[in-house]
Q: 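Below is one structure. I have some questions about it.
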Amino acid sequence: MTSALEAEKAKPYRLVKFFTFTSLVVVFVGALVLSALFIHWTRTINQTKSEDYAKLLIANLNYQVFYNFSIPVVWKFGGIQLHNKEQYDLMDKVVRNAVQGYHVEMVRIYSPSNIISYSYDNSEVGSESVSSTAFQKALLGKTSFKLTQRGSFWGIILGVPKEVKMVAVSPFRAENPTLHFVKGKGIVFAPEMESDAEKEDVESPIFGVFEVVRDLTEEYRKIFDFQKLMILSITGVMAVLLLVLRLVVKKREGVLERRAVEQLELKERLGRAERLSALGELTAGVSHEIRNPLGIIRSSAELLRKKMAAYEPGNPVADIIVEESGRLNTIITDFLNFAVPKAPHLLPTDVKEVVEKNLNFLDPQIRENHILVSRHYAPDLPAVMADQGLLYQAFLNVFINAMQSMTSGGKIDIEVTQKDRWISISFKDTGRGIPDHVLGKVWDPFFTTKETGSGLGLGIVRNIVKSHGGDVTIANRPEGGAEVMVTLPGQ
């Protein structure tokens, strides 16, 4: 029964649980993928923004250096010679003023021959440093960008490197295309290109190459913080969603489990009802057929006993026939009571009176078996609508079972209580109790653990109680013994 219940209640919601948690995992993974794509998109936008920012910065630097340094120096000194301290200091001042507040870490200016003409670090002046590819592109008028990251492997993979820098290499142009740098003469005008139409078709000459290094570490840390916040938010939402889904599924499991149990119990009751119906018809027919010849056998045995008393007074054969015939008649009566239960004739009945009637009848056996009986009746108990004779028979079977379980004496506790409109009669004994593997079979007809008996006693009790609109249960007590609880509707 238990394994069947487990199998039945596992089937309905197994697929629901699978799809629920699978969907949750898919949503969670999808959210992480979308967040990763969003972060990648954010970094791409940030890099594009940094490149555009660097272009504007270099354009401004180009303008400032050309007009505030190159032209004044050529005009004053006739040429640019940065090894001259006055010229270098002016260049340094112009450059630093132009990039002030833009998080620029390094600025280098290269001559067309790839020699550092100016650097924040004065010791680099005169050396060659920039990559040849970026330098050649700058001489062709193209700006190159390179993003460098430094840190641990996992830090770079997770998007939180220790240091992020963007290196921009761009041409240093003349702001006016009519101006040219002539060796020995400096910057000179080209009169033939002074018209506006000619200026539009001619690119400004390239005097050198700018290399600007900006520190983007702080910006990338902000992106990483945003990424961390997004992942934590998604994880939190998924955790709440998981909890909600778990509660919903758990609640649904309980509903489906109850339905599965109810269906199994209903199937079991229907099956038992069908079996009992067929068994009842068979038992009723056989019992009627047996009872008539049994009556003849008993009456003949009683007549034989009278006649044998005159010839063989000590012969027990007739007595045995009469006794066993009576026992067999009792069994047949139980069969008929179980198979064809009587319809109760309901009248107001005092439950205490029925219990006391049973105890008075059983008093000799109670004394003989050294059984102590205690009674606990709730005050002002209402009457119940019952057939007193049938109720007496049901209680009698319960008392007999309790007494038979206590072969060496014991105690029977009887408690009658009221809750709402229901009257509960509890019978507790201190006997052997019922083995766990037998407990589920005690209501089955003809099942008994006794050497004698039909196995119909409890079945008859159940039929009688059910016919009164009540219920009966039996269970083992933790302290030992068994308890039978009969519940009947009060008036």
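Since the model is a prediction, treat every value here as computed from it, not as a measurement. The analysis underlying the following values was restricted to heavy atoms, covering all of them including side chains, and did not include hydrogens, waters or symmetry mates.
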Q: With the side chain counted from C-beta on, respond yes when Tyr88 and Asn122 share a heavy-atom pair under 4.5 Å apart, and no when they do not.
A: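 Answer yes - side chains close enough.
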Q: Does any non-hydrogen side-chain atom of Val99 lie less than 4.5 Å from one of Val212?
A: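 A side-chain contact under 4.5 Å is absent here.
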Q: Within the 4.5 Å heavy-atom criterion, are Tyr118 and Val95 side-chain neighbours or not?
A: yes
Q: Which word best sums up how the rings of Phe135 and Tyr110 line up, parallel for under 30°, tilted for 30 to 60°, or perpendicular for over 60°?
A: perpendicular
Q: Test Leu147 against Val164 for side chain to side chain contact (heavy atoms under 4.5 Å, CB included), laying out the working first.
A: CA-CA 7 Å; Leu147 193 69; Val164 182; 3.9 Å; yes
Q: Quick check: do Ile109 and Phe69 have side-chain heavy atoms less than 4.5 Å from each other?
A: no
Q: Considering only heavy atoms from C-beta outward, does the side chain of Asn97 approach that of Gln100 to under 4.5 Å?
A: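 Side-chain contact under 4.5 Å: yes.
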Q: Enter the distance from Ser405:OG to Arg432:CZ here, rounded to the nearest 0.5 Å.
A: 6.0 Å
Q: Is the closest basic N to carboxylate O distance between Arg214 and Glu105 below 4.0 Å?
A: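 Not counted as a salt bridge, because no side-chain N and carboxylate O are separated by less than 4.0 Å.
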Q: Minimum heavy-atom separation for Ala394 and Val461, please, with both atom names.
A: O-CG2, 3.4 Å
Q: Tell me, with the steps shown, if Lys76 and Glu86 meet salt bridge (Lys or Arg N to Asp or Glu O under 4.0 Å).
A: CA-CA 12 Å; Lys76 181 177 181 180; Glu86 184 178 353; 3.0 Å; yes
Q: By the definition side chain to side chain contact (heavy atoms under 4.5 Å, CB included), identify the one residue from Ile58, Val65, Leu61, Val209 that meets it with Phe172.
A: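 Only match with Phe172 under side chain to side chain contact (heavy atoms under 4.5 Å, CB included): Val65.
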Q: I'd like to know whether the aromatic ring centres of Phe395 and Phe427 sit less than 6.0 Å apart in this structure.
A: yes
Q: For Thr148 and Lys165, indicate whether the former's side chain and the latter's backbone hold a donor-acceptor pair under 3.5 Å.
A: yes
Q: Which residues satisfy the side-chain hydrogen bond (donor to acceptor under 3.5 Å, both in side chains) test with Asp121, sequence neighbours excluded?
A: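 Scan of Asp121 (side-chain hydrogen bond (donor to acceptor under 3.5 Å, both in side chains), adjacent residues dropped) gives Ser123.
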Q: With side chain to side chain contact (heavy atoms under 4.5 Å, CB included) as the criterion, how do Glu124 and Arg108 come out once you've worked through the C-alpha distance, each side chain's angles and the decisive distance to 0.1 Å?
A: CA-CA 9 Å; Glu124 293 183 350; Arg108 298 185 182 95; 2.6 Å; yes
Q: Under the ring-ring contact (aromatic ring centres under 6.0 Å, His included) test, which residues partner Tyr63, sequence neighbours left out?
A: Tyr67
Q: Calculate, to the nearest 0.5 Å, the distance between atoms CD1 and CG belonging to Ile434 and Asn476 respectively.
A: 5.5 Å
Q: Between Pro382 and Gln418, is there a side-chain heavy-atom distance shorter than 4.5 Å?
A: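 Touching, per the 4.5 Å side-chain cut-off.
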Q: To check you understand the geometry: which heavy-atom pair defines the closest contact between Val125 and Ser119, and what is its length?
A: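 Looking at all heavy atoms of both residues, the shortest contact is CG2-N, 4.1 Å.
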Q: Taking all heavy atoms of Ser424 and all of Thr487, pick out the closest pair and write down the distance.
A: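 Of all heavy-atom pairs spanning Ser424 and Thr487, the closest is OG-OG1, 3.9 Å.
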Q: Less than 4.0 Å between a side-chain N and a carboxylate O, is that true for Asp429 and Lys411?
A: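 Not counted as a salt bridge, because no side-chain N and carboxylate O are separated by less than 4.0 Å.
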Q: Donor-acceptor check, side chain of Asn62 to backbone of Arg173, threshold 3.5 angstrom: yes or no?
A: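 Between the backbone of Arg173 and the side chain of Asn62 there is a qualifying donor-acceptor contact (under 3.5 Å).
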Q: I want to check something: taking the side chain as every heavy atom from C-beta on, are Ile412 and Met406 in contact at a cut-off of under 4.5 Å?
A: yes
Q: Without hydrogens or angle criteria, can the side chains of Glu483 and Ser426 be said to hold a donor-acceptor pair below 3.5 Å?
A: yes
Q: Tell me, please, which residues at least two apart from Arg477 pass salt bridge (Lys or Arg N to Asp or Glu O under 4.0 Å).
A: Glu479
Q: Please find the pair of heavy atoms, one from Asn60 and one from Ala98, that lie closest to each other, and give the distance.
A: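 In this case the closest contact between Asn60 and Ala98 is ND2-O, 3.3 Å.
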Q: Check Asp89 with Lys85, please: is the shortest side-chain N to carboxylate O separation under 4.0 Å?
A: yes
Q: Within a strict 4.5 Å, meaning less than it, do heavy atoms of the Pro171 and Phe210 side chains meet?
A: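 SC-SC contact between Pro171 and Phe210 ruled out.
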Q: Listed by chain and number, what are the salt bridge (Lys or Arg N to Asp or Glu O under 4.0 Å) partners of Arg96, not counting sequence neighbours?
A: Asp92
Q: Can you name the closest pair of heavy atoms from Asp471 and Val465 and give their distance?
A: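 Heavy-atom minimum between the residues: N-CG1, 3.3 Å.
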Q: Going by side-chain hydrogen bond (donor to acceptor under 3.5 Å, both in side chains), name the residues that satisfy it together with Ser111, two or more places apart in sequence or in a different chain.
A: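 Listed in chain order: Ser113.
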Q: According to side-chain hydrogen bond (donor to acceptor under 3.5 Å, both in side chains), who are the partners of Lys49, at least two apart in sequence or on a separate chain?
A: none
